[in-house]
Amino acid sequence: MPESAEDYFARIAAAQDADGRIPLDPEGVLAWDVFPFEAEGLRLKPGPVPGPERVRSGEDPATCQCAQPPARGPREPFGVVWEDEHFLVKAPPPSGAPLMLSVVTREHLDVPEMDADLAAAFGRLHVALVASVEELPSVGRCHVMRIGDGGAHAHWWFLARPVNLPLVLGSFMVDWDDFLPPLPLDVWAENAAFVAQRLHERLGGRAVTALT
Ligand SMILES: [Zn+2]
């Protein structure tokens, strides 16, 4: 029988000190060469303590982002840069990564509700998108995430990790994306348009690459 949430919480509570904080192990992640912070003075916030799950945006389809027509083009915030009958690929506003793209289903559903055909189509898109992002000259790797804690509509993040910056590696890229200087919109849009065009060449569908 899988462990209950209460038993999981009890083990966390047992690990917390008199201030309610979990002590950091200096030999653990703090000692990794790619850990982006200096360890001195670093400590966790008190907690975590049990509480209700946060309500996600779009739990009600009527208020979900999919109820409105999406923006289009690589210069628009979350503008569609590629689409087919199943998925939209959108470009969020510029951040510190060479590029980040989000993939959403056309249909309002969450990942566990995807049928086998949609799952297969997502697999093909996943591979083609990773390959296309990794063709960008400033990119070392395309990281892929499904988190799903903010929005109820199925979505994934494709985050381009810059090439040849040995401190910027692995899961810390999510943090570096916020710390590195945001790309100029023109550069961001050109990278997004390049990937959309390569995706079209690999997979078909329709690229929306107009830069003006
Ligand atoms: Zn939706």
Side-chain angles (χ1 to χ4, degrees), residues 5 48 50-134 136 142-161 171 173-175 177-178 182-183 185 188-189 191-211:
E53 282 284 316
R54 204 178 282 200
V55 176
R56 304 183 300 174
S57 68
E59 293 284 6
D60 176 359
T63 62
C64 184
Q65 45 85 14
C66 67
Q68 305 293 331
R72 300 185 67 78
R75 297 182 66 87
E76 297 298 321
F78 289 95
V80 173
V81 297
W82 180 91
E83 62 190 339
D84 70 0
E85 69 269 38
H86 299 299
F87 297 101
L88 306 174
V89 177
K90 299 180 175 185
S95 58
L99 183 62
M100 178 148 67
L101 294 169
S102 76
V103 172
V104 300
T105 54
R106 279 196 184 274
E107 191 181 349
H108 181 85
L109 44 69
D110 201 354
V111 175
E113 296 149 8
M114 292 170 65
D115 66 20
D117 287 344
L118 192 56
F122 177 71
R124 289 189 290 272
L125 175 57
H126 178 146
V127 172
L129 196 43
V130 166
S132 300
V133 170
E134 292 187 358
L136 288 168
C142 181
H143 295 175
V144 184
M145 293 167 289
R146 184 268 181 169
I147 299 177
D149 288 341
H153 188 122
H155 64 289
W156 299 261
W157 299 104
F158 288 72
L159 177 60
R161 191 264 292 159
S171 59
M173 180 56 209
V174 175
D175 302 301
D177 183 47
D178 287 321
L183 267 67
L185 180 58
W188 183 261
N191 283 349
F194 173 88
V195 168
Q197 180 58 30
R198 292 296 291 129
L199 200 52
H200 167 70
E201 290 160 10
R202 287 172 184 277
L203 207 57
R206 193 148 74 95
V208 186
T209 56
L211 291 170

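Every number for a ligand or one of its atoms is a count from 1 in the order of the listing.
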Self-check item: Arg124/Asp84 salt bridge by N-O under 4.0 Å criterion
Solution: no

Quiz item: Taking 4.0 angstrom as the limit, do Lys90 and Glu76 come out as a salt bridge?
Solution: no

Exercise. Kindly compute the distance separating CH2 (Trp157) from CG (Asp177), expressed to the nearest 0.5 Å.
Key: 10.0 Å

Quiz item: Can you check whether Trp156 reaches His126 side chain to side chain, under 4.5 Å on heavy atoms?
Solution: no

Quiz prompt | Aromatic plane relationship, Phe122 with Phe87 - under 30° parallel, 30 to 60° tilted, over 60° perpendicular | solution = tilted

Quiz item: When you check the space around the Zn ion (ligand 1), which protein N, O or S atoms turn up under 2.8 Å?
Solution: Cys64 SG, Cys66 SG, His108 ND1, His153 ND1

Quiz prompt | Salt bridge Arg198-Glu134, side-chain N to carboxylate O under 4.0 Å | solution = no

